[in-house]
Amino acid sequence: MIQKPRGTRDFLPDEMEARRGVEAKMREAARRYGYREVCTPEFEDLELFTIRSGEGILQEMYVFEDKGGRNLALRPEITAAVIRMYINEAKVAPKPLRWCYFADCFRYERPQKGRYRQFWQFGAELIGADTALADAEVILLAADALNATGVTWDLRVGHLAFMKNLLADLDPVAQRRVMAHLDKKDFDGLSVTLAEMKREDLADPLSALIACRSLSDAFAIAGSIPEKDRVEQMTGILDESGVSYSLNFGIARGLDYYTGMVFEGFAQNLGAENQILGGGAYRLAHLFGGDDVASAGFAIGFDRVMVSLGDVPPAKDTIVGIVCTDEGRSFALSVARAFRAGGIRTELDLMGRGLGAQLAHASKTADFAVVIGKREADAGLVTLKNLHSGAQEMLDPAAAIAEVKAHGAR
Ligand code: HAM
C-alpha cells in the first residue's frame with residue numbers, strides 16, 4: 001500500500017470543514033484591516049530563498065532541478081515570494097500595499113506533532129510604510145487574527161536594534177551566528193561560540209537583555225539606539241490598543257531578513273512546537289532588484305493553531321436525501337435541482353437501491369428525506385420527512401424548500 005510522504009497529512013471532510021471554518025475567521029480579521037489576498041507560485045527560483053532567508057531555512061529546503069536545468073525550490077515561506085511579486089507586478093502601486101495569504105509551505109524538518117514538512121501559513125505583508133504605526137498595525141492584525149480563532153496564546157514583542165547594538169563590533173557573519181543561538185534558545189551553544197570568538201564579555205549583557213522586560217531596562221543595557229523614538233511610539237500604540245503583550249529583547253527570529261521590530265506568539269497549551277506566530281519589519285526588495293522599501297509582516301502557523309484548538313466540530317449543514325422510485329426519478333431529479341438552487345445540500349441515491357434501502361441510508365446520513373414515488377410525481381408534490389422527529393407531510397417543492405430552510409443548520 002502506498003503511503004503519503006513523511007511529514008504530510010491527509011485531511012478528511014470533517015477536518016477540512018473545521019479548518020476552513022477557522023481559516024475564515026483569520027481571513028475576516030485581515031479583511032477588516034484592508035489586507036487583500038495574494039497568491040504566489042508553490043515553487044520559485046532557488047535563489048529567491050538563498051539570498052537572505054538564513055541558514056536554518058536553507059538546510060530545510062526542498063530543492064530540485066527541472067527538465068530545463070533550472071534550480072528551483074518549494075517555497076519554505078511566503079514573504080520572499082510576496083516581495084518578488086511586488087517588484088514584478090506592483091512596485092508602482094500606491095503605498096502602502098496591504099496583502100495577505102493563506103498558503104502551504106514546505107520545510108524538510110523532522111516531523112512531530114505541530115511540525116510538518118507541508119504546513120499552512122496565514123500571513124500578511126505591509127509594504128511601503130515605515131512608521132511606528134505601521135509596525136503596530138501588523139502586530140495588532142496578527143493578534144486579532146489569532147484571537148479570532150479562539151486559541152490562548154502569549155504575544156512577545158521586541159526590536160533587533162538592542163541586540164544589534166550589543167553586537168555592533170562583530171562582523172555580520174558572527175552576528176548571525178550569535179542570533180541563531182538566541183533564536184533556538186541554545187545558550188550552551190552561545191557560550192561555546194562566544195568563547196571561540198573570544199567575546200565572553202558579551203555573555204552577561206546578552207543574558208541581561210534577554211531577561212529584561214521593560215524598555216527603560218533595555219535602553220540601560222544596550223545603550224542608546226537610533227530607533228528609540230520609534231520603539232517608544234510603537235509600544236505606546238500597543239499599550240493604548242489594549243492588546244496583551246510582553247516585551248522581549250531576546251527575540252532573534254530564524255530568518256535573516258528582519259531589520260527592526262520583531263514579534264512572536266506562543267500557544268499556551270502546546271508543547272515543544274508552541275510557536276504559532278512570527279513576524280517583524282524587514283527589507284528585502286532591494287536584494288531582489290527593486291528599490292529599497294520598508295515592509296513588515298507576519299505568518300501564523302495554521303496547523304499549530306488547529307492542534308492548539310483540538311477537536312473543532314465541523315461546520316453544520318442541513319442535508320436532504322432524495323428518496324425516489326423508478327417512476328418518480330425524473331421528477332426527483334428536477335426537485336433535487338430546485339433544492340440545490342435554493343442553496344440546500346441535496347444528495348440522491350446513485351446505487352440503484354430500493355425505496356426502503358434509500359430511506360434507511362438517508363436516515364443515517366441526512367436530516368430530511370424528500371420522498372418521491374409515483375403518487376408524488378403525478379401530483380407534482382413531495383413527501384418531506386424530518387428524519388430526527390419522524391414528522392412528515394406532503395408539500396409542493398417550493399414549500400418543502402422553505403420548510404428545510406426554516407429548520408436551520410443541524
Ligand atoms: P517563521 O517563524 O519561519 O516565519 O514561520 C511562521 C510560523 O509558521 C511559525 O511561527 C510556525 O507557527 C509555523 N511553522 C514553521 N515551520 C513549521 C512546520 N514545519 N510545521 C508547522 N508549522 C510551522 C516566517 O515564515 C516569516 N515568513 C514570517 C513573516 C512574514 N515575517 C514577515 N512577514
Side-chain angles (χ1 to χ4, degrees), residues 6-9 19 26 30 35 38 40 44 48-49 52-62 74-86 97-127 129 134-135 137-139 141-142 145-146 149 151 153-158 160 180 183-184 251-267 270-285 293-309:
R6 194 164 137 75
T8 66
R9 286 149 302 151
R19 287 170 70 91
M26 299 198 300
Y35 285 68
V38 293
T40 63
E44 296 271 357
L48 182 70
F49 303 111
R52 189 45 70 79
S53 290
E55 267 310 300
I57 289 272
L58 295 188
Q59 283 159 13
E60 293 165 356
M61 215 149 34
Y62 279 89
L74 296 184
R75 58 186 177 198
E77 59 115 29
I78 318 283
T79 306
V82 166
I83 296 302
R84 178 205 48 70
M85 176 168 77
Y86 154 74
L97 289 168
R98 291 186 170 94
W99 285 348
C100 66
Y101 47 82
F102 182 79
D104 55 348
C105 304
F106 304 86
R107 295 185 192 175
Y108 192 83
E109 296 198 79
R110 198 170 43 78
Q112 64 180 71
K113 193 169 175 141
R115 185 162 70 200
Y116 310 101
R117 291 183 174 173
Q118 181 197 24
F119 62 96
W120 275 259
Q121 286 188 344
F122 178 81
E125 310 296 342
L126 172 60
I127 302 169
D135 290 343
E137 174 168 301
V138 166
I139 297 173
L141 167 56
L146 260 180
T149 68
V151 283
W153 63 290
D154 299 318
L155 172 62
R156 298 180 196 163
V157 177
L160 293 180
D183 180 52
K184 296 198 187 92
I251 300 175
R253 305 288 298 129
L255 294 150
D256 273 353
Y257 46 62
Y258 296 101
T259 49
M261 171 279 288
V262 282
F263 62 108
E264 291 179 340
F266 297 86
L270 295 184
E273 299 304 321
N274 63 346
Q275 194 177 313
I276 49 171
L277 161 72
Y282 62 92
R283 285 176 185 269
L284 271 176
V293 62
S295 331
F298 67 85
I300 291 171
F302 180 68
D303 306 274
R304 293 185 185 171
V305 169
M306 294 309 294
V307 176
S308 170
L309 288 174

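When reading the values below, keep in mind they use all heavy atoms of this one structure, side chains included, and skip hydrogens, waters and symmetry mates. Counting starts at 1 for both ligands and their atoms, in listed order. All of these numbers come straight from a predicted model, not from anything done at the bench.
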Can you list, pair by pair, the side-chain donor-acceptor contacts under 3.5 Å of residues 297-307, counting residues two or more places apart and other chains?
residue	atom	partner	partner atom	Å
Asp303	OD1	Arg9	NH1	2.9
Asp303	OD1	Arg9	NH2	2.9
Asp303	OD1	Arg19	NH1	3.2
Asp303	OD1	Arg19	NH2	3.1
Asp303	OD2	Trp120	N	2.6
Arg304	NE	Gly114	O	2.6
Arg304	NH1	Gln275	O	2.9
Arg304	NH2	Gly114	O	3.2
Arg304	NH2	Glu273	OE1	3.0

Listing by chain and number, which residues have a heavy atom under 4.0 Å from ligand 1?
Glu77, Thr79, Tyr101, Arg107, Glu109, Gly114, Arg115, Tyr116, Phe119, Gln121, Glu125, Arg253, Leu255, Tyr257, Tyr258, Gln275, Ile276, Leu277, Gly278, Gly279, Tyr282, Gly297, Phe298, Ala299, Gly301, Arg304

Keeping the roles fixed (side chain from Arg84, backbone from Thr40), state whether a donor-acceptor pair exists under 3.5 Å.
no

Determine, for Glu77 against Arg107, whether the closest basic-nitrogen to carboxylate-oxygen distance falls under 4.0 angstrom.
no

Salt bridge (charged side-chain N to carboxylate O under 4.0 Å, His left out) partners for Arg98, two or more places apart:
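By the salt bridge (charged side-chain N to carboxylate O under 4.0 Å, His left out) rule, Arg98 matches Glu137.
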
When every non-hydrogen atom of Gly7 is compared with those of Tyr116, the smallest separation belongs to O-CB, 3.4 Å

Only counting residues at least two apart or in another chain, list the ones meeting ring-ring contact (aromatic ring centres under 6.0 Å, His included) with Tyr282.
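With sequence neighbours excluded, Tyr282 shows a ring-ring contact (aromatic ring centres under 6.0 Å, His included) to Tyr257, given in chain and number order.
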
